[in-house]
Amino acid sequence: MKLRAVKGTFDILPEDQRLRRHVLSTAERVLEHAGVLELTPPIFEHTEVFTKSVGASSDLVVQHEMYTFTDRGERSLTLRPEFTAGVLRAYIENGLIVWPTPVKLWSYGPIFRAENPQRGRFRQFHQVNCEFLGLDTPLLDAEAIALLYTVLSACGLEGLTVRLGSVGDPEDAAAYNAYLRRELGARQSELSETSRERLRLNPMRVLDSKDAGDQAVIATLKRPLDFLNPDARAHFEGVQAFLTTWGIPFEVDDSIVRGLDYYRRTAFEIHAAGIGAQSALCGGGRYDGLVAALGGPETPGVGWAFGLERVLDALREAGVRAPEAARPALFLVPMDDEAVAEVAALAFRLRQNLTVLHAYAKRNLGKGFKEAERAGARFAGLRGARERERGVYALKDLATGEQLELPEGELAGFLHERLERPLASSL
Ligand code: HAM
């Protein structure tokens, strides 16, 4: 039997790394400039960290999407299906609760969900996640959304629009769910099987259905926004006012529903065209009450996560390329057996601040140059009996064809000087 990666997982090959790093370094720069600090929780937690937070009617629970196992100590553990629960557990456990508010935290790493794989939907994927804790002002929601938008724009995605909604306070959501139970309960025969199941567990999720029959029914219904209490409405309007002032493009989505149960008030997503059915690049919202549900003091919070693979997919669709990799400065070619160890030793010394590669066996001139070119090196450095005798290396500038000889001790200085100057002026 051929060994293969598990369905829904993938290898991240060297050629994929640069665009990933571009997104990650952009996120890190934008977030750290806004005082968001990095927190990395463990990849697995006690299962109750998640069951206490994501909600009994979330897809994670209902559709058994969590990778849960029992360890040798008979503990039930779960590979994280999202960051929020673990970050909040860490926030409570490590006493971050006493830090000046807002406490702004970001995380990056793998996430595990036992979903049916398709384009943009994997069983191991990666999220960049942000949590902003300790304040209930709409300013914090708006800052979170604006930072998310700035990260994605700075990565190179254009024309994005935030879909912004509000699921209200728990009593608003309860009133809306009661309304849906009443309205949809009477029209169950018109609904798909999934929607009938959702109606039983979390009626609001019916609004998420893409089924045409369901959509026809949904079109006749009132929306969650129609049920907002005056405070929740004012909060929602506050978020919009900040985003408008800052020029963050958004549209009010009156039926935004998130797949996790902990959201209150603000809920948002950003979608991209051209990446298939799984078009949500990111999602988030406010979750006042969640810290308390995990055993901490009553603490408001708002956050988001974007799926790295979906953002990469959208970037590739948009033709955004990773910044060019730095080329190796030097490729050393040993021209006899003795030179193999010599070039390896020189490479080690020069690598302190330069990228230096070498061949691992003696090469003739033609093959040596070819290898140096294939490696993308700027200079080839040759070492044979003639060079050894005179204590030098023969250098060829592969960009200009210029050839020269340099004593070993002068190589580092020469390379630095040449590589710092633009090509035209080094001619
Ligand atoms: P979520 O909407 O479940 O939210 O996931 C956020 C993002 O992760 C999605 O928009 C999508 O880009 C990506 N994603 C989700 N599932 C998959 C999958 N199977 N394969 C690939 N990408 C996927 C959360 O996880 C919340 N914890 C976000 C949050 C943070 N809310 C408040 N704070």
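Here the structure is a predicted model, which is why all the values come from computation and not from measurement. Numbering starts at 1 and runs along the sequence shown. Atoms within a ligand are numbered from 1 in the order they appear, just like the ligands themselves.
Residue Glu115 approaches ligand 1 through these ligand atoms, each under 4.0 Å from one of its heavy atoms: 16 (N), 17 (C), 18 (C), 19 (N). Annotation for ligand 1: atoms under 4.0 Å from non-hydrogen atoms of Tyr263 are 26 (C), 28 (C), 29 (C), 31 (N), 32 (C). When each atom of ligand 1 is checked for a heavy atom of Glu82 under 4.0 Å away, the hits are 25 (O), 26 (C), 27 (N). Distances below 4.0 Å separate heavy atoms of Glu131 from the following atoms of ligand 1: 30 (C), 32 (C), 33 (N).
Residues His271 and Glu269 have side chains that bring a donor and an acceptor to within less than 3.5 angstrom of each other. Residues Thr266 and Ser166 bring no donor and acceptor atom of their side chains to less than 3.5 Å of each other. No side-chain N or O of Ser192 forms a donor-acceptor pair with one of Asp211 less than 3.5 Å apart. For the residue pair Glu131/Thr84, the side-chain donor-acceptor check at 3.5 Å is satisfied. Checking Arg187 against Thr220 by side-chain atom types alone, a donor-acceptor pair falls below 3.5 Å. Inspection of the Trp106 and Glu28 side chains reveals no N or O donor paired with an N or O acceptor under 3.5 Å.
Of all the listed residues (Gly284, Gly120, Cys282, Gly307), Gly120 holds the heavy atom that lies closest to atom 21 (C) of ligand 1. When the heavy-atom distances from atom 32 (C) of ligand 1 to Gly303, Ala272, Cys130, Ser279 are ranked, the shortest goes to Gly303.
Residue Phe83 places no N or O, backbone or side chain, under 3.5 Å from any N or O of ligand 1. For ligand 1, the polar-atom distance check finds no N/O of Ala305 at less than 3.5 Å from any of the ligand's N/O atoms. Polar contact check, Tyr287 against ligand 1: no nitrogen or oxygen pair lies under 3.5 Å apart. Considering backbone and side-chain atoms alike, Asn129 places every N or O at 3.5 Å or more from each N or O of ligand 1. Among the atoms of Arg121, none of the N or O lies under 3.5 angstrom from an N or O of ligand 1. For the pair Leu281 and ligand 1, the shortest N or O to N or O distance falls below 3.5 Å. Taking distance alone, with nitrogen or oxygen atoms compared against 3.5 Å, Ala280 approaches ligand 1 more closely than that limit.
Looking at heavy atoms from C-beta onward, Arg123 lies in side-chain contact with Lys7 at the 4.5 angstrom threshold. Residues Asp397 and Arg418 meet the side-chain proximity criterion, which asks for heavy atoms closer than 4.5 Å.
Under 4.0 Å is where a charged nitrogen must lie from a carboxylate oxygen, and between Asp141 and Arg286 at least one such pair does. For the pair Glu45 and Arg80, the salt-bridge criterion is not met [side-chain N within less than 4.0 Å of a carboxylate O].
When all heavy atoms are compared, the tightest approach of Arg119 to Gly274 is NH2-O, 3.4 Å.
Residue, atom and distance of the protein heavy atom nearest to atom 24 (C) of ligand 1 are Leu260 CD1, 3.6 Å. Given atom 20 (N) of ligand 1, the protein heavy atom at minimum distance is Phe122 N, 2.9 Å. Scanning all protein heavy atoms for the shortest distance to atom 14 (N) of ligand 1 gives Phe125 CE1, 3.4 Å. Distance from atom 11 (C) of ligand 1 to its nearest protein heavy atom, with residue and atom name: Arg310 NH1, 3.3 Å. In terms of protein heavy atoms, atom 30 (C) of ligand 1 is closest to Thr84 OG1, 3.0 Å. Residue, atom and distance of the protein heavy atom nearest to atom 15 (C) of ligand 1 are Arg113 NH1, 3.5 Å.
Residue contacts with ligand 1, taken as heavy atom pairs separated by less than 4.0 Å, involve Arg258 solely via side-chain atoms from C-beta onward. The proximity of Glu309 to ligand 1, defined as any non-hydrogen pair under 4.0 Å, does not occur for either the backbone or the side chain. The residue Val311 has no part lying near ligand 1, judged by heavy-atom distances below 4.0 Å. For Tyr262, every heavy-atom contact with ligand 1 shorter than 4.0 Å involves the side chain, none the backbone. Using a 4.0 Å cut-off between heavy atoms, Gln127 contacts ligand 1 through its side chain alone, with no backbone atom that close.
Once rounded to the nearest 0.5 Å, the distance linking CD1 of Ile218 with CD of Glu190 reads 11.5 Å.
By the 6.0 Å and 45° rule, Lys396 stacks over the aromatic ring of Phe369.
For the pair Gly259 and ligand 1, no heavy-atom separation below 4.0 Å is found.
Between Tyr179 and Phe227, the ring center distance clears the sub-6.0 Å criterion.
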